[in-house]
Novice: 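There's a structure below that I have some questions on.
No hydrogens, no waters, no symmetry mates; every other heavy atom, side chains included, goes into these values.
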Amino acid sequence: MDFPRYVFTSPGPEKIKEGSYGTRLVSDQDEFDSAIKAGFFETMPEAVESTKDKPKSTEIKKADPEADPNPEPEAPKRGRPRSA
């Protein structure tokens with residue numbers, strides 16, 4: 001195996017038709033092995049495929065009914081700070 005080389009994860013910041021992926025550059029076999037153990041893949045298609053069957057979060061967070069929808073910004077304090 002030649003180094004340096006990229007390993008891939010998904011999802012990530014790079015968008016493609018099939019999904020998204022991210023990369024990390026590894027310099028040697030030890031870094032490669034560590035990245036694979038951390039969830040990276042040797043190829044981009046493997047990484048993207050690994051997330052295809054995972055359900056996407058569809059949970060909608062409910063707003064706190066007691067929270068003020070238009071909170072007033074806190075007024076800046078005037079004067080010098082008190083010394084302790």
Novice: Starting from Phe3, can I reach Leu25 by hopping between I/L/V/M/F/W/Y residues whose side chains sit under 4.5 Å apart?
Specialist: no

Novice: Considering all heavy atoms of both residues, which atom of Tyr6 and which atom of Phe8 are nearest to each other, and what is their separation?
Specialist: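 So the minimum-distance heavy-atom pair works out to O-CE1, 3.8 Å.
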
Novice: Whether the Thr43 and Glu46 side chains hold a donor-acceptor pair (N or O, under 3.5 Å, no angle test) is what I'd like checked.
Specialist: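 The criterion, which ignores hydrogens and geometry beyond distance, is satisfied for Glu46 and Thr43.
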
Novice: Under the side chain to side chain contact (heavy atoms under 4.5 Å, CB included) rule, what do Phe41 and Thr9 come out as? Steps first, then yes or no, please.
Specialist: CA-CA 6 Å; Phe41 292 87; Thr9 188; 5.8 Å; no

Novice: Looking only at heavy atoms, what is the nearest atom pair of Ser10 and Thr51, with distance?
Specialist: O-CG2, 3.1 Å

Novice: Please set out all donor-acceptor pairs under 3.5 angstrom arising from side-chain atoms of residues 11-21, sequence neighbours excluded.
Specialist:
residue : atom : partner : partner atom : Å
Ser20   : OG   : Gly12   : N            : 3.1
Ser20   : OG   : Gly12   : O            : 3.2

Novice: State plainly whether the residues Glu42 and Arg5 are in salt-bridge range, i.e. N to O under 4.0 Å.
Specialist: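 Judged by the 4.0 Å cut-off on N to carboxylate O distance, Glu42 and Arg5 do form a salt bridge.
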
Novice: Donor-acceptor pair, Glu31 side chain versus Ser27 backbone, under 3.5 Å?
Specialist: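 Pair found, side chain donor or acceptor close to backbone of Ser27.
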
